[in-house]
Number of protein chains: 2
Amino acid sequence: MIKSNITISDIAERAGVSKATVSRVLNTPDIVEKHTREKVIQIMKELHYSPSQAARNLSMKSSSTIGVIVPEISNTFFGELFSGVEDITNKNNLSLLYSSNDNDQESDYKALDMMKMQRVKGLLYIPAVNYAGLGILDKLQRKLDRLDCPVVCMDRDIGLQCDVVHFDDQSAVRKAVMALVDAGHRKIAIIIGEKESILSIQRFQGYLDGLEQANITFDEDFVYQGTYTRLSGYQVTKQMIAQKKQPTAVITCNNLLSKGYIQAVCEHTNGNMTLYTHIGLDEIDMMNFLGIPYNCIQRDAYELGRSAAELLMRRIERPDGVYQHMILSSPLVHQTF
Amino acid sequence: MIKSNITISDIAERAGVSKATVSRVLNTPDIVEKHTREKVIQIMKELHYSPSQAARNLSMKSSSTIGVIVPEISNTFFGELFSGVEDITNKNNLSLLYSSNDNDQESDYKALDMMKMQRVKGLLYIPAVNYAGLGILDKLQRKLDRLDCPVVCMDRDIGLQCDVVHFDDQSAVRKAVMALVDAGHRKIAIIIGEKESILSIQRFQGYLDGLEQANITFDEDFVYQGTYTRLSGYQVTKQMIAQKKQPTAVITCNNLLSKGYIQAVCEHTNGNMTLYTHIGLDEIDMMNFLGIPYNCIQRDAYELGRSAAELLMRRIERPDGVYQHMILSSPLVHQTF
DNA sequence: CTGAAAGCGCTTACAG
DNA sequence: CTGAAAGCGCTTACAG
């Protein structure tokens, strides 16, 4: 560590100019005389000067930081998303302030408070829970409004007044059901996570839509509900396997549930995945490469992050104008059945 | 968006006290009289006051942000690592400023410059490349020193003067070779990434150590070198498969290479992974659950992140003292052969 | 093209 | 226990 608190004053002094001039070569180099400019730049380099963003932000009442709040970074889906975000913010020379909310409302509030204290220039946000369902959507909305910066809500459309980017899960699940029906299935089970989650609600609705379209009577025995974790997917699938009334096809509603499902099935069949015909939401890494046919609704998390970040950039440019509602398609990819 | 630039002055005015007092209820509440304190707090709540970190940092010449630089967040290894980091920084009420360097030296410099401008309180750092190998380690070291904050180097020990946390890859690979030898193998191939990478150097040395210990003559035909990407792992493995001289066992030197390897082997054998006996570095998600026996050197990325973050916290507390060199063990996990 | 000065929103000795 | 004032490191009208 080197104590190196070089400030604009040091540069000004050495260059024999005012602080204002130094500031100008930093911000509006064109308006300072060439010779002066070069001298100042030279000295900055010599002294390894690095302007303080904090001071700059304070003075300009602005910020160079974008906040990102996602449920949990260790889920590859959010890692990919993050990667898409970064590609855009990098281009715009913006820093990324990160926080995860662990799908927990309290953590979510904490994260939002932090973002506010940091005065982020914009926020990319995945709500922790379904605030609409909890009846506290208004409270969240006010919290976001008070952030006093553009917000783009990603992945979960809980009814927020802001730009929103998400996948059309409802129709994707509907199509998945239709594809199974076309292949002759009538007994189609679905495994969903938390009932209250907007994700579950939409995906389940897609399931109902599909059944209706195919004239299949809804049978609640084929609805398995857990939480959006691998462990839960495993347990629920075990339960399902033990039932007398068996489905012939299964839809699992996120990548973690799918993983748990696969684990349970493989354990039961000794690695043979054909116990049920299966369609998962989200790709699962490696499945394609192992020569195991894997059917899924493909959601491009990288693209989600990229689109949301681009939308945020535009919104920062032009804060006014009607909110965008962007829906990304998620194709059904099935090699077999 | 609500324009809500409530400042400490607003609070002071409404509460009929000075700014200093308001600041004190924020920072040292105990020394302000109970009644005053409560009144101020009350007004802060009413007005949804949120202090500006930028102003605070500037005034205190400090920071509440930890920087994290990793190669690429989309690799699950780094996602897990990040998750370990966050658990610690959350506890300490520190924000996380994130940047990836994409294993590219220029991006790495850019990231470091950004961290400096942001005046991070500490940095968790994975060097983009092997600076030692490039002969510019000194330059990097000075860059880090000028950051004027504690730095913990993670995952890659390139010889930096700072705290370091990494796995003992060399001895892990040596043990992997020994395990293969014990199972009767003599023709053991290794697939490594970029030659110059410190990762490759150490892992390759472990390979040599193992061969020597087993009295096996080194045969360079069994060394396959690519880059640390899935595609490269795939291509190199294809090449290997096409060779007349065949190994009986293969070691792949990171998770991406392992994935590419698996892809190539499965493609060639139609899903039968027993073409070679294989040990990969790092776990691969799902393998265990698919009932596919997968042998690997297990490196706990979450633990790496957690340890590094804890070390950083301690170093921030006590900046002086000799640098720590922490080596995490990475057990060899093999169910078969 | 350049400088003096005020201001951004805080904190903290200092004096009371 | 509290306030007035200086200072953190910048930027930017304003005047020249």
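Keep in mind the model is a prediction, meaning the values are calculated, not measured.
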Inset, instruction - Check every strand shown and say whether A:Val17 touches a base, only sugar-phosphate, or nothing at a heavy-atom separation below 4.0 Å. - result: sugar-phosphate
Inset, instruction - Working to the nearest 0.5 Å, report the span between CD of A:Gln161 and CG of A:Leu140. - result: 11.5 Å
Legend entry - Gap in Å between the two C1' atoms, one belonging to D:dT12 and one to D:dG16, rounded: 16 Å
Inset, instruction - Enumerate, in order of first residue number, the stems that involve DNA chain C, defined as 3 or more consecutive Watson-Crick or G-U wobble pairs with both distances under 3.5 Å. - result: C:1-3 with D:14-16, C:5-12 with D:5-12, C:14-16 with D:1-3
Legend entry - Sub-4.0 Å heavy-atom contacts from residues 38-58 of chain A onto DNA chain C, ordered by number: A:Leu58
Inset, instruction - Give a yes-or-no answer on whether the side chains of A:Thr65 and A:Gln118 include a donor-acceptor pair shorter than 3.5 Å. - result: no
For residues 309-319 of chain B, which side-chain N or O atoms pair as donor and acceptor with protein atoms under 3.5 Å away, sequence neighbours left out?
{"from": "B:Glu310", "atom 1": "OE1", "to": "B:Arg306", "atom 2": "NH1", "distance (Å)": "3.3"}
{"from": "B:Glu310", "atom 1": "OE2", "to": "B:Arg306", "atom 2": "NH1", "distance (Å)": "3.1"}
{"from": "B:Arg315", "atom 1": "NE", "to": "B:Asp163", "atom 2": "OD2", "distance (Å)": "2.7"}
{"from": "B:Arg315", "atom 1": "NH1", "to": "B:Pro319", "atom 2": "O", "distance (Å)": "3.4"}
{"from": "B:Arg315", "atom 1": "NH1", "to": "B:Asp320", "atom 2": "O", "distance (Å)": "2.9"}
{"from": "B:Arg315", "atom 1": "NH1", "to": "B:Gly321", "atom 2": "O", "distance (Å)": "3.1"}
{"from": "B:Arg315", "atom 1": "NH2", "to": "B:Asp163", "atom 2": "OD1", "distance (Å)": "2.8"}
{"from": "B:Arg315", "atom 1": "NH2", "to": "B:Asp163", "atom 2": "OD2", "distance (Å)": "3.4"}
{"from": "B:Arg315", "atom 1": "NH2", "to": "B:Val322", "atom 2": "O", "distance (Å)": "3.0"}

Legend entry - cation_pi(B:Lys143, B:Tyr109) dist<6.0 Å, angle<=45: yes
Inset, instruction - Anything under 4.0 Å to a heavy atom of chain B counts; send over the first and last such nucleotide of DNA chain C, read 5' to 3'. - result: C:dG9 to C:dA13
Inset, instruction - Report which part of the nucleic acid B:Ser9 touches: base, sugar-phosphate, or nothing (heavy-atom distance under 4.0 Å, all strands). - result: nothing
Legend entry - Residue list, side-chain hydrogen bond (donor to acceptor under 3.5 Å, both in side chains) with B:Asn57, at least two apart or on another chain: B:Gln53
Inset, instruction - Find which nucleotide of DNA chain D each of B:Val32 and B:Lys61 is nearest to by heavy atoms, and output the residue with the more 5' nucleotide. - result: B:Val32
Legend entry - Residues forming a side-chain hydrogen bond (donor to acceptor under 3.5 Å, both in side chains) with B:Glu38, sequence neighbours excluded: none
Legend entry - Residues which pass salt bridge (charged side-chain N to carboxylate O under 4.0 Å, His left out) with B:Glu13, listed by chain and number, not counting sequence neighbours: none
Inset, instruction - Taking ring-ring contact (aromatic ring centres under 6.0 Å, His included) as the test, write out the residues that go with B:Phe78, two or more places apart. - result: none
Inset, instruction - Using the test side-chain hydrogen bond (donor to acceptor under 3.5 Å, both in side chains), find all partners of A:Ser99 that sit at least two apart in sequence or belong to another chain. - result: none
Inset, instruction - Would you jot down, in residue-number order, the residues of residues 23-30 of chain B having a non-hydrogen atom under 4.0 Å from DNA chain D? - result: B:Arg24
Inset, instruction - Determine yes or no for a side-chain-to-main-chain donor-acceptor pair under 3.5 angstrom, with B:Arg156 supplying the side chain and B:Ser197 the backbone. - result: no
Show me the donor-acceptor pairs, under 3.5 Å and distance only, between side chains in residues 24-31 of chain B and residues at least two apart or in other chains.
{"from": "B:Asn27", "atom 1": "OD1", "to": "B:Arg56", "atom 2": "NH2", "distance (Å)": "3.2"}
{"from": "B:Asn27", "atom 1": "ND2", "to": "B:Ser23", "atom 2": "O", "distance (Å)": "2.9"}
{"from": "B:Asn27", "atom 1": "ND2", "to": "B:Ser23", "atom 2": "OG", "distance (Å)": "3.2"}

Inset, instruction - Name all residues meeting the ring-ring contact (aromatic ring centres under 6.0 Å, His included) criterion together with A:His325; count only those two or more places apart in sequence or in a different chain, and write none if there are none. - result: A:His166
Inset, instruction - Compute whether any side-chain donor of one residue and acceptor of the other, for A:Tyr131 and A:Asp108, lie under 3.5 angstrom apart. - result: yes
